[in-house]
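Read the structure below first, then the notes.
Bear in mind that the values here come from a model prediction, so they are computed numbers and not experimental data. Just so you know, these numbers use all the heavy atoms, side chains as well, and skip hydrogens, waters and symmetry mates.
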Amino acid sequence: MGSMRLSTRDIAELAGVRLSTVSNWKNRSDTFPKPVGKRDGVAVFDYGEIVAWMRTNNKKMVVGKGQVLLWAVKDGIRTAVASDDYAVDVAMLFGLRKAATIYDLESLWKGLAADASEEHLAEYVGRLREQDEAEPVPRLLNLVREARRHMPRIAKIMERALSPVMEIDEKDLPDLLDEAIGRNSRERGPIESDLAGFSDLGLADAVVPFALELAGSDGHVDVYDPACGLELTGLDFARGHPDTSLFLSDINPTAAMLAEVRLLLAHGNGIDARVRTVDSLAEDGYPDVRADLVLLQPPYGFRPGDTGDAPTNDPRWTYAQSTGTSPALMFLQDAIHHLKPDGVILMACFGRESFAVNHNEGKVRRQLVAEGRVKAMVTLRSDRRRSPTSAPSDMWVVGDPDPDLASVYMVDGRNPADDRVDMGKLPGWLSRPLERIWKDGSYRWSDVPVRDILADDAATLTPSHWIRSADEDPRIIAGEMASRASAIHDIMASLGSGRSILQSVPSGTPDSEGAGTISVGELVAQGGAELHRGTEPLEHAYGQPDDIVTRDDLRKGIPSIEPNGGPGEEGFHTRAGDVLFTDISPVYAVVDERGGHRISRGICVLTLTGDEWDPRFAAACLRAKWNLRNGRPMGPALKVPPSSMELPLVDRGTQDRYLAILSASDEVRRLDETVSSYLETLGNAIRFGAKNN
């Protein structure tokens, strides 16, 4: 362990601090360990020296022993071989270790710790192969194949990385492999390596709850996946429904090995699972299997021509051959072929398959809808940080033919539900998993008649194409036109009633030299005001829903934040009438009408102690452009010293007149916004109609 090397980023993760904190330690401590070398051009430090320094300097370590051992494994792999996809090697080591427990080969495995030569490794893998092939259903074919294929490389890695692998608690292996795969995928990007798979695109978390709901809690379930990738979907399903048989395959031998190892680590020999390396479009890997549930995500960017077109005499292609048809729809035909009566297919794929106008694809969609196979379409919220495209992802829910099916449920999970629309009720098999996935209820839906879909030239199945928003609902349009027209009449009445100061605005002003000014600093020095600065950390301010006012709150004009000040409370709290303002352009300044708030850093508080100033006038002056003249460049903005900001020396009558015009200008601005909204609603009425209740 003492020879393990850590980068600055590793040290930050070990201590649970930011990179900048580690940089401060290095720069300010004479005893901080010196780098022992470089890795990928980045300085690395000895793990033992770092731990000793942290203990001596009372720095906490937040990373557990298992994660530290994983770092040691990764470090050993990178030292032994040039490896961009180190998670593949981690999986190989973890899988070989777990197999020793399953097949009672622990003595041979421990012997490798003393001599990890290629000869001894070949003996271990050979015995493992014999044991596995003696099983009724061999479950480690991919692991054994990849181990034999890369024997010299693995032996070289074991010399450096086997010791920490031996130290890891076996129960921690599944989570540590998940961590290695996740980290490696993030480092390389979602499609840069062999690590791209179903869950890495952020879709498995949305699909599995539907699968568990549709499968129910009782009875055995056969699950089929012809493009399993890294296989988190079937793995997660089996955790929620243990009485499961998994029939998995993937064209990528590395992905198939990873899927096999993940299942081995999570379930040992306690699950009926098999993984085959096969191009499922060119060859049916499970011709005799019929499944209760198909979980499928066609690989992104894959085309049937990548491995040759699917054979034309294959009984699976009941809707279209591969030429001119998207791979997703080819995989869907394969899934239908392997479906039991009353079975369900959940296929998640990028939205193009739902709407592309290619003749063959439109024909397949039309036939599927006409037969009543498509039960629902759900647009998912994918994780764009891990997704290779910004396009939305749709989940198809496909089942037995039902010529009497009247409608297809369309659900859009990307956009929040509009509480102006009466959406009715979804069936439980859809609503229950939706409520678990999106607890905020942020999805819209509609049951679209099959006849309407078939009337569409391309038989489009994209939910957003069919779901009517509130802006398109004639009932809501009529109500909003009435309310916005009433608001316009009220504002016009206010402006034209004689109460508006705008009717008496003078066309000119007498000559004057301009008012004298007083800076905020001078006002404070004379006892006319107090100046305070916010002290609450920004991380705290943005991380918790409490009474702390932030710069963003000032930009919005202080929302309804409940005051939290009171007897015994520590820290500064505002008082009613305080002026809160920022010192970075654009300057935001508002009056805290209630008080009792705490203030984040970056905000100043001006408390006016006399009657000479209306706080609203002071806030308006602090926002004025003249206060930017003394600003200092701070990136693209200007930082203005609060003490140098100026207030005009004018009487309360002048302040009142200014504030009256300011109030009237707000009314005019509101009128402009209301008229614009009315025009938009009128356009919707012309297009979609308006219906009074």
Side-chain angles (χ1 to χ4, degrees), residues 137 139 174 197-199 202-250 259 262-263 266-268 270-275 280 285-286 288-298 331-332 334-349 368 372-378 380 393-402 405 408-409 411 413 425-439 443 445:
V137 178
R139 299 178 184 180
F198 199 133
S199 67
L203 302 179
D205 290 345
V207 173
V208 171
F210 283 96
L212 291 171
E213 178 67 35
L214 291 166
S217 57
D218 300 324
H220 183 80
V221 176
D222 290 323
V223 176
Y224 172 66
D225 186 346
C228 66
L230 302 187
E231 194 37 51
L232 266 188
T233 316
L235 178 63
D236 285 351
F237 177 83
R239 283 171 176 156
H241 196 292
D243 190 7
T244 295
S245 294
L246 298 175
F247 301 89
L248 314 172
S249 57
D250 199 273
R262 293 182 105 155
L263 290 165
H267 296 283
I271 185 173
D272 180 19
R274 60 218 76 189
V275 185
S280 296
Y286 298 97
D288 299 325
V289 169
R290 296 298 180 268
D292 302 287
L293 189 62
V294 179
L295 302 178
L296 167 66
Q297 182 200 350
F331 275 109
L332 182 57
D334 172 78
I336 290 172
H337 178 77
H338 288 91
L339 198 64
K340 290 180 182 178
D342 298 324
V344 178
I345 300 166
L346 298 177
M347 180 178 77
C349 57
L368 290 169
R373 281 193 177 274
V374 181
K375 315 300 181 182
M377 296 289 297
V378 182
L380 304 171
S393 305
D394 292 335
M395 183 181 70
W396 299 49
V397 183
V398 178
D400 281 347
D402 181 1
L405 188 71
V408 176
Y409 290 106
V411 181
K425 294 184 68 175
L426 279 168
W429 62 269
L430 265 176
S431 63
R432 283 189 289 270
L434 284 171
E435 289 166 3
R436 286 197 293 271
I437 299 168
W438 300 314
K439 296 181 176 63
Y443 59 88
W445 69 273

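A donor-acceptor pair under 3.5 Å is formed between the side chain of His338 and the backbone N or O of Tyr286. In this structure, Arg139 contributes its side chain and Ile271 its backbone to a donor-acceptor pair below 3.5 Å. Judged by distance alone, the side chain of Arg290 and the main-chain N or O of Leu339 form no donor-acceptor pair under 3.5 Å. Under the 3.5 Å distance criterion, the side-chain polar atoms of His241 are matched with a main-chain donor or acceptor of Gly219.
Residues forming a ring-ring contact (aromatic ring centres under 6.0 Å, His included) with Tyr409 (at least two apart in sequence, or on another chain): none. Among residues two or more places apart in sequence or in another chain, the side-chain hydrogen bond (donor to acceptor under 3.5 Å, both in side chains) test is passed with Asp292 by Lys340.
Rounded to the nearest 0.5 angstrom, Leu296 CG and Ser280 OG are separated by 9.0 Å. Arg432 CZ to Leu212 CG: the interatomic distance, rounded to the nearest 0.5 Å, is 12.5 Å. In this structure, CD1 on Ile345 lies 12.5 Å from CE on Met395, to the nearest 0.5 angstrom.
Side-chain contact between Val344 and Phe210 is absent, with no heavy-atom pair separated by less than 4.5 Å. Counting heavy atoms from C-beta on, the side chains of Leu332 and Leu368 come closer than 4.5 Å. The side-chain heavy atoms of Leu346 and Val397, taken from C-beta on, include a pair separated by under 4.5 Å. Put simply, the side chain of Trp445 reaches to within 4.5 Å of the side chain of Leu426, judged on heavy atoms. For the pair Asp225/Gln297, no side-chain contact is recorded, criterion being any heavy-atom separation below 4.5 Å from C-beta on. Leu430 places none of its side-chain heavy atoms less than 4.5 Å from the side chain of Lys375. Under the 4.5 Å side-chain criterion, counting only non-hydrogen atoms from C-beta, Val294 is not in contact with Phe331.
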Trace of the side chain to side chain contact (heavy atoms under 4.5 Å, CB included) decision for Leu405 with Arg373:
CA-CA 9 Å; Leu405 188 71; Arg373 281 193 177 274; over 6 Å; no

With side chain to side chain contact (heavy atoms under 4.5 Å, CB included) as the criterion, how do Leu248 and Leu263 come out once you've worked through the C-alpha distance, each side chain's angles and the decisive distance to 0.1 Å?
CA-CA 11 Å; Leu248 314 172; Leu263 290 165; 3.7 Å; yes

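Between Ala291 and Tyr224, the shortest heavy-atom contact is CB-CB, 3.6 Å. When all heavy atoms of Pro298 and Ala348 are compared, the pair lying nearest together is CD-O, 3.6 Å. Here the closest heavy-atom approach between residue Asp222 and residue Ser245 is recorded as OD1-CB, 3.3 Å. Among all heavy-atom pairs drawn from Asp250 and Cys228, the shortest one is OD2-N, 3.4 Å. In terms of heavy atoms, Phe237 sits closest to Ala215 at CZ-CB, 3.7 Å. The two residues Ala266 and Leu235 come nearest to each other via the heavy atoms CB-CD1, 3.5 Å.
Tested against His220, the residues Asp272, Asp243, Thr244 include a single side chain to side chain donor-acceptor pair (under 3.5 Å) partner, Asp243.
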